[in-house]
Amino acid sequence: METNQILETIKMVEEDNFDIRTVTMGISLLDTIGGTVEETAKNVYKKITTYAKDLVAVAKQIEREYGVPITNKRISVTPISMIAGSANEEEILVLAHALDDAAKEVGIDYIGGYGALVQKGFSHGDLALIKSLPRALTETDLVMSSVNIGSSKAGMNLDAVKLMGETVKQITDLSDTANAKMVIFANAVEDNPFMAGAFHGVTEPDVVINVGVSGPGVVKRALDKVKGESITTVAETIKKTAFKITRVGQLVGSLAAERLNVPFGIVDLSLAPTPARGDSVAEVLEAIGLEQVGTHGTTAALMMLNDAVKKGGVMAAQGVGGLSGAFIPVSEDAGMIDAVKAGTLSLAKLEAMTSVCSVGLDMIAIPGETPATTIAAMIADEAAIGIQNNKTTAVRILPTNGAKVGDMIDYGGLLGTAPVMPVVEKSSADFINRGGHVPAPIHSFKN
């Protein structure tokens, strides 16, 4: 990096809460399948601890040399249901604990991939894994899970949607916070470095480094300098800022891959907020001209922000992927929390916003008595947006037993604090209980 670029990066770190949100090592486990679950678990542990033994040390070395914080060091693996074979619900938990033990051994923050891809139906391993999720996510500390229930090519597995609604409720009965470790996808991507949805896709190399950048604070400060100017200027400012942010992610990812002697994959361009003031996507939207996020015009402003981030970031990285856009998790964004408390931001408005941004209904606290079929219907609505619009959408809903609308639930650390939001009480049970498969939209047929 040139001297002026280094100084600019230091300023972003010191003044704008800039960080590399994650360096994530993806590891294929397809060659770890043994004759028994126990043998597979040993192979899984060995492969992860062999490949990732230096991941944390290398990331810390880069932090020291370049002065750029790397907030999380993570691992993603092949969806575990693919290597589970004929394991039952009890046996597959052995693999969950192997992942947790390996993650602790190498010192990372999270390991993702305890999941399944069930958009067209279930295998034996898929069902065993889903049934094991309540125990897996409460008995382990670092394991993250994702389940893909729909895609634009396959349609939506309504049986899986119903099952995941029930699973969310079962997890709630064991823990108020464990649902933060699980996300339910439509159109899940294979190279996502962000948790809880990261997994290592079967088309990926044996091992790879992917990077997720952050930077809402940097974008907010840049927009403060163009107050009163046209929306064209705003879009151009975001593009230029996203280029600078992504350039640092490209540098960090390239260095990490080179020092670990593995391929470098992609930079995920997503603006990922934290609970810290000044590091909020909501505040970026308000800098564009909204009095408070959630008011009329929010979806339009978010669409422009997402597009400008992608246009700027693409030019700065050799490969982009993951989710790439703007995350709007309620508990992890101080401005979103403010808007929910003020009554400006509702679940309905959040759902509308997800049609133009990354992921979906993310880190949203709801009353614990919400029926499983209502949670399933929320999953179905969000999946429908992704399936119809050929984009990734997801749900990370957090029911809390005994909590009332307006209560604040603390999830700790980067997961933040969420106000419990009201849910429509009219039933969706008859729709969800139909089961079956929602066909793919007509535009999915492109062969």
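In what follows, residues are counted from 1 in the order of the sequence shown.
For the 3.5 Å distance criterion, the side chains of Thr172 and Asn401 fail to qualify, holding no donor opposite an acceptor. Residues Asn433 and Lys162 bring a donor and an acceptor atom of their side chains to less than 3.5 Å of each other. Side-chain atoms of Thr299 and Lys349 include a donor-acceptor pair closer than 3.5 Å. Using modelled atom types, one finds no donor on one side chain facing an acceptor on the other under 3.5 Å when comparing Thr246 with Gln250. Gln119 and Ser151 share no side-chain donor-acceptor pair at under 3.5 Å. Side-chain atoms of Asp333 and Ser280 form a donor-acceptor pair, as typed in the model, at a separation below 3.5 Å. Judged purely by distance below 3.5 Å, without hydrogens or angles, the side chains of Asn389 and Ser355 never pair a donor atom with an acceptor atom.
Thr140 places no side-chain N or O within 3.5 Å of a backbone atom of Leu142 that could act as its donor or acceptor partner. Looking only at distances, a side-chain donor or acceptor of Asp191 sits under 3.5 Å from a matching main-chain atom of Gly322. At distances below 3.5 Å, not a single donor-acceptor pair connects side-chain atoms of Ser81 with backbone N or O atoms of Asp126. The backbone N or O of Thr24 lies less than 3.5 Å from no partner atom in the side chain of Asn210, so there is not a single donor-acceptor pair. No side-chain donor-acceptor contact under 3.5 Å links Asp268 to the backbone of Asn192.
Under the 4.5 Å side-chain criterion, counting only non-hydrogen atoms from C-beta, Asn72 is not in contact with Met195. Thr370 has its side chain out of reach of Pro399: every pair of non-hydrogen atoms, C-beta onward, lies at least 4.5 Å apart. Contact annotation: the side chain of Pro193 never approaches that of Val211 to less than 4.5 Å [non-hydrogen atoms, C-beta and beyond]. You'll find the side chain of Asn187 reaches within 4.5 Å of the side chain of Ser152, heavy atoms only.
Checked against salt bridge (Lys or Arg N to Asp or Glu O under 4.0 Å), Glu382 has no partners two or more places apart in sequence or in another chain. Annotation: salt bridge (Lys or Arg N to Asp or Glu O under 4.0 Å) contacts of Glu229 (sequence neighbours excluded): none.
The minimum heavy-atom distance between Ala272 and Ser214, with the atom names listed, is O-OG, 2.8 Å.
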Next on the checklist: Show, in sequence, the C-alpha distance, side-chain angles and deciding distance for Arg434 and Asp430, and conclude whether the salt bridge (Lys or Arg N to Asp or Glu O under 4.0 Å) test is met.
Outcome noted: CA-CA 6 Å; Arg434 285 182 179 274; Asp430 287 350; over 6 Å; no
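Residues in residues 166-189 take part in no salt bridge (Lys or Arg N to Asp or Glu O under 4.0 Å) pair, two or more places apart or across chains.
With salt bridges taken as basic N to acidic carboxylate O contacts below 4.0 Å, none links Arg74 and Asp109.
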